[in-house]
Amino acid sequence: MSRSGSFHPATAGGIRTEMATLADGRAIRYRRMGEGQGPPIVMVHGFGGELLTWAANQVPLSARHLVYALDLPGHGGSSQDLGIGGVPGLAEALLAFLDAAGIGRAHLLGHSLGGAVALQAALSRPGRAASLTLVASAGLGPEADTGFIDRLLAADDPATLAAALRPLYADPGLVTPALGELVLAALRGPGVRATLRRLADQCFAPGRQRLVLRDRLAELRGPVQVLWGTDDAIVPVDHARFLPPAVAVHLLPGQRHMLPIEAAAEVNRRIEEIAAAG
């Protein structure tokens with residue numbers, strides 16, 4: 001993919017967003033907030049998520065930093081074209097977005113599958129990551145509750161969907177009817193379930209992750225940190241243990257998978273720290 005791209009404003013769901021057109025013609029929806037010196041922060045959501053996953057992080061961090069949140073291909077308002085597919089394909093799309101946006105270096109922040117994508121991007125293009133923050137990240141061990149994906153994609157009513165989402169949260173009260181309706185509306189979009197099913201099959205086998213990058217962490221030269229909830233039921237917290245000494249590990253007692261929402265203050269504090277170090 002080349003560095004060329006184009007941008008135009010759009011409005012979706014009452015939220016002002018912008019669209020980046022990559023060199024291969026795919027559209028990437030993103031939200032840009034704030035301003036600041038130095039590399040911007042770029043936020044990458046997990047499987048089935050979208051840029052609004054980061055609402056509790058992007059807004060406060062934008063007080064001091066330029067912050068981008070984007071929809072990966074197959075998600076939100078972005079193209080459903082997955083490119084070459086899997087984590088490598090999503091990482092290529094992330095790097096192409098950075099090129100199109102004119103972002104040379106960035107503090108990359110990835111949650112869940114987005115962590116594996118950010119890590120792959122940092123490994124593929126050394127020097128592009130000013131720092132790397134992996135939150136309950138895929139790509140650091142083989143195990144994962146892939147049954148969550150099956151339950152999510154099969155749900156077609158609010159009660160079933162709520163049951164699928166509840167294990168992600170330490171506070172089940174956060175799985176509200178409004179959240180259920182929002183996720184259901186997204187899943188019912190034309191071709192969405194089929195695209196997500198294809199992506200899931202590219203990234204996971206039953207109970208397993210297809211791509212594990214743990215042994216390549218030592219190749220990274222910038223600051224790297226890992227944040228994990230000790231009660232994560234989707235990706236085991238054991239994947240945060242016995243990492244290279246240069247990787248800072250922060251375990252959050254009692255938290256589950258959705259740290260960007262439930263532990264936003266701690267996530268934001270750690271991002272501020274690593275951005276200053278990077």
Side-chain angles (χ1 to χ4, degrees), residues 15 30-46 49-72 94 97-98 101-119 121-123 125-140 169-171 174 217 220-230 232 235 237 239-240 243-278:
I15 301 295
Y30 72 98
R31 188 180 188 186
R32 167 180 164 150
M33 298 181 66
E35 57 185 36
Q37 301 297 318
I41 298 168
V42 177
M43 300 172 159
V44 188
H45 62 77
E50 63 167 27
L51 58 83
L52 291 180
T53 299
W54 301 105
N57 316 105
Q58 188 176 18
V59 173
L61 288 171
S62 67
R64 295 185 179 181
H65 304 274
L66 175 57
V67 188
Y68 292 82
L70 68 148
D71 291 341
L72 290 170
L94 171 59
F97 169 77
L98 297 181
I103 300 170
R105 298 175 70 239
H107 299 288
L108 296 180
L109 167 59
H111 173 240
S112 196
L113 181 61
V117 172
L119 175 55
L123 290 167
R125 296 274 285 274
R128 296 303 292 272
S131 71
L132 183 64
T133 298
L134 306 176
V135 182
S137 182
L140 297 181
Y169 292 85
D171 178 3
L174 292 176
L217 285 170
L220 299 172
R221 293 294 174 258
V224 181
Q225 64 179 349
V226 169
L227 284 72
W228 226 293
T230 59
D232 195 321
V235 185
V237 67
H239 294 182
L243 297 177
V247 177
V249 176
H250 309 289
L251 302 183
L252 281 63
Q255 290 292 338
R256 287 200 167 191
H257 196 62
M258 295 305 294
L259 297 182
I261 295 172
E262 293 198 89
E266 180 67 6
V267 171
N268 297 344
R269 183 170 75 86
R270 295 298 183 181
I271 291 297
E272 289 279 10
E273 290 176 351
I274 203 168

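Residue numbers start at 1 and run along the sequence shown.
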| Is D71 reaching over with its side chain to a backbone N or O of V44, donor-acceptor style, under 3.5 angstrom? | no

| query | Which one of V67, L98, L109 satisfies the side-chain contact (heavy atoms from CB on, under 4.5 Å) criterion with V42? | reply | L98

| request: Report yes or no: does R64 contribute a side-chain atom to a donor-acceptor pair with the main-chain N or O of E35 at less than 3.5 Å? | output: no

| task | Mark yes or no for whether E262, through its side chain, and Q255, through its backbone, hold a donor-acceptor pair below 3.5 Å. | result | no

| query | Does R269 have any side-chain hydrogen bond (donor to acceptor under 3.5 Å, both in side chains) partners at least two apart in sequence or in another chain, and if so, which? | reply | E266, E273

| Is there a side-chain contact between Q58 and I41, using heavy atoms and a 4.5 Å cut-off? | no

| L119 CG to L217 CG distance, which is reported to the nearest 0.5 Å | 5.5 Å

| Quick one: are L94 and L70 in side-chain contact, heavy atoms under 4.5 Å? | yes

| message | Classify the ring geometry of H111 against W54: parallel below 30°, tilted from 30° to 60°, perpendicular beyond 60°. | response | perpendicular

| task | Taking atom types as modelled, find out whether H65 and Q37 have a side-chain donor-acceptor pair closer than 3.5 angstrom. | result | no

| Stepwise side chain to side chain contact (heavy atoms under 4.5 Å, CB included) check, V249 with Q225 | CA-CA 6 Å; V249 176; Q225 64 179 349; over 6 Å; no

| field | V59 vs M33, side chain to side chain contact (heavy atoms under 4.5 Å, CB included): CA-CA, chis, key distance, verdict | value | CA-CA 7 Å; V59 173; M33 298 181 66; 3.8 Å; yes

| L259 CG to S112 OG distance, which is reported to the nearest 0.5 Å | 10.0 Å

| task | Go through the steps to decide whether L134 and L227 satisfy the test side chain to side chain contact (heavy atoms under 4.5 Å, CB included), and finish with yes or no. | result | CA-CA 6 Å; L134 306 176; L227 284 72; over 6 Å; no

| query | Does a donor on one side chain and an acceptor on the other come within less than 3.5 Å for R256 and Y169? | reply | no

| field | Modelled atom types, side-chain donor and acceptor of H107 and T133, under 3.5 Å | value | no

